[in-house]
J.: 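To start, I am sharing the structure in question, which I have written as structure tokens.
Quick note on labels: first sequence line is chain A, next is B, and so on, each numbered from 1.
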There are 2 protein chains.
Amino acid sequence: MDDQLGVFSNRLQQHGYRLTTARRVILEALLASGGHITADGLVEVVRQQSPGIGRMTVYRTLEILSELGLIRPVYQGTGAAHYILMENGHHHHLVCSGCDRVIEFDECVLEEMGRLISGRFDFQIQGHVVEFFGLCADCRRVSA
Amino acid sequence: MDDQLGVFSNRLQQHGYRLTTARRVILEALLASGGHITADGLVEVVRQQSPGIGRMTVYRTLEILSELGLIRPVYQGTGAAHYILMENGHHHHLVCSGCDRVIEFDECVLEEMGRLISGRFDFQIQGHVVEFFGLCADCRRVSA
DNA sequence: ATCTCAATTGATATAAAGTATCAATTGAGG
DNA sequence: CCTCAATTGATACTTTATATCAATTGAGAT
Ligand SMILES: [Mn+2]
Ligand SMILES: [Mn+2]
Ligand SMILES: [Zn+2]
Ligand SMILES: [Zn+2]
């Protein structure tokens, strides 16, 4: 199940969305980028392949994918939202308060907690993002 | 240690920032609001108390507080960043993909995971945000 | 209490990011 | 093929964020 393009495409269709040419191009560019990209950044990438694609279409596609829980917008210091891929429903970051560097990790102990919370609030969990904030080694030196 | 205003003020001074009149007003308004407010939303609130406060000052204060790990910007559906209070270093959300409703909860099992990750990446953790995404009870009915 | 100067402020201008609209196009089913 | 609702992309606009800089202010030194 590593075919993310297939996963994304299927989910779109399952929810009644058409798999149009524009959307295919956008999905490919998004997945090729690996995520951590802004909407307008993605517009640029997409247009290298298909110059005709409209900015609105990219924005709208990102919104749909977010609703489906396949991606999520997060802040990365700058003003624009950065979209991250929610492969298998989760994503984990260490974010440095000093330099905004982002370190990725895979460990996750949230399944149990998810079940507990899910039951209590009658909420169907599709995925999660955990972000630890703090200072990386470099930034601790500087401000020491 | 429930005096958040004291906590915030002290932290500012400990890091060499002046505790100015403008900053005091902004801190009070932010804490009174309970968080979950946008920068421009906070500007409005602040100006009810002190009409002279500049918009840039509010933006800059929010940036400082973010660097210190006292607040964090998160997405809430709309285009503007919403700032949440990081009391005791953490904050937890259930975010509905259907209606963007936000449910708060307190449980946390991340201390152990934090220690593990902190050691491996030589990263000093100040706090974290966990967001579970999914569908609330109401939204499951609608799309059923 | 007054002085001093770097830190801070806020007005102004500008850029970036997001949203609304609508006529033209397209794709999936009949 | 046809049909028609879904989708697209150009355009215009609003909101949100950032850059600049002269004027002001706060906190320590005298
Ligand atoms: Mn990531
Ligand atoms: Mn909250
Ligand atoms: Zn850092
Ligand atoms: Zn909902």
Side-chain angles (χ1 to χ4, degrees), chain A residues 8-30 36-68 71-83 100, chain B residues 8-30 36-68 71-83 100:
Chain A
F8 278 45
S9 304
N10 287 341
R11 193 80 74 92
L12 278 178
Q13 292 184 306
Q14 284 165 9
H15 285 260
Y17 293 105
R18 289 186 189 164
L19 190 49
T20 66
T21 306
R23 283 177 183 158
R24 238 186 300 261
V25 175
I26 293 168
L27 286 190
E28 282 169 16
L30 174 62
H36 285 280
I37 191 171
T38 66
D40 284 313
L42 184 56
V43 170
E44 286 186 42
V45 175
V46 160
R47 281 180 173 162
Q48 289 172 4
Q49 193 53 233
S50 307
I53 304 273
R55 199 170 74 109
M56 280 309 302
T57 302
V58 174
Y59 270 79
R60 284 188 282 235
T61 301
L62 289 173
E63 196 177 351
I64 292 171
L65 295 177
S66 296
E67 270 178 18
L68 297 181
I71 63 177
R72 287 301 304 186
V74 297
Y75 271 103
Q76 218 86 300
T78 164
H82 287 236
Y83 288 85
D100 288 325
Chain B
F8 278 45
S9 304
N10 287 340
R11 193 80 74 92
L12 280 177
Q13 293 185 305
Q14 285 165 10
H15 285 261
Y17 293 105
R18 289 185 189 164
L19 190 49
T20 66
T21 306
R23 283 179 183 157
R24 237 185 300 261
V25 174
I26 293 169
L27 287 190
E28 282 169 16
L30 174 62
H36 285 278
I37 191 170
T38 65
D40 283 316
L42 184 57
V43 170
E44 286 188 42
V45 175
V46 161
R47 281 181 173 162
Q48 290 173 3
Q49 193 53 232
S50 307
I53 304 273
R55 202 171 72 107
M56 277 311 300
T57 302
V58 173
Y59 271 78
R60 283 187 283 234
T61 301
L62 289 172
E63 195 178 352
I64 292 171
L65 294 176
S66 296
E67 271 179 17
L68 297 182
I71 63 176
R72 288 301 307 185
V74 299
Y75 266 103
Q76 219 84 301
T78 163
H82 286 236
Y83 289 85
D100 287 327

J.: In whole angstrom, what separates B/E63's CD from D/dA19's C1'?
T.: 12 Å

J.: Of the residues in residues 37-49 of chain B, which ones touch DNA chain C at a heavy-atom distance under 4.0 Å?
T.: none

J.: Please report the distance, rounded to the nearest Å, between CE in A/M56 and C1' in D/dA10.
T.: 11 Å

J.: On a heavy-atom basis, which atom in A/H82 and which in A/H36 lie closest, and how many Å separate them?
T.: ND1-O, 4.0 Å

J.: For the pair made of OH in B/Y59 and C1' in D/dT20, what is the distance, rounded to whole Å?
T.: 17 Å

J.: Regarding A/Y83, tell me which of base, sugar-phosphate or nothing describes its non-hydrogen contacts under 4.0 Å with the strands shown.
T.: nothing

J.: Output the distance between atom CG (A/L27) and atom CZ (A/R11), rounded to the nearest 0.5 Å.
T.: 12.5 Å

J.: Looking at A/T57 and A/A22, what are the two nearest heavy atoms and their distance?
T.: CG2-CB, 4.0 Å

J.: Does A/R55 get its side chain close enough to the base of D/dT8, under 3.5 Å, for a donor-acceptor pair?
T.: no

J.: Which is more 5' along DNA chain D, the nucleotide nearest A/T61 or the one nearest A/Y75? Just name the residue.
T.: A/T61

J.: Whole-Å distance between D/dT15 P and B/H82 NE2?
T.: 14 Å

J.: Which pair of heavy atoms, one from A/L19 and one from A/R24, lies closest together, and at what distance?
T.: O-NH2, 3.3 Å

J.: In whole Å, I'd like the distance from the CG atom of A/D100 to the P atom of D/dA17.
T.: 15 Å

J.: Assign a letter to each nucleotide of nucleotides 23-30 of chain D from its 5' end: B, base within under 4.0 Å of a protein heavy atom; S, sugar-phosphate only; -, no contact.
T.: --BBS---

J.: Do you know which two heavy atoms are closest between A/Y83 and A/P73, and how far apart they sit?
T.: CE2-CB, 3.8 Å

J.: Please report the distance, rounded to the nearest Å, between CZ in B/R60 and C1' in D/dA17.
T.: 12 Å

J.: With a 6.0 Å cut-off (strictly less than), is the heavy-atom count around CD of A/E67, excluding the residue itself, greater than 12?
T.: yes

J.: What's the shortest heavy-atom distance between A/F8 and A/L65, and which atoms?
T.: CD2-CD2, 4.1 Å

J.: Can you tell me if B/R23 touches the phosphate of C/dT9, counting only side-chain N or O atoms and a distance under 4.0 Å to OP1 or OP2?
T.: yes

J.: Has B/R23 got a side-chain atom pairing as donor or acceptor with B/T61's backbone, closer than 3.5 angstrom?
T.: no

J.: Would one find more than 12 heavy atoms of other residues, nucleotides or ligands at under 6.0 Å from atom CD of A/E44?
T.: no

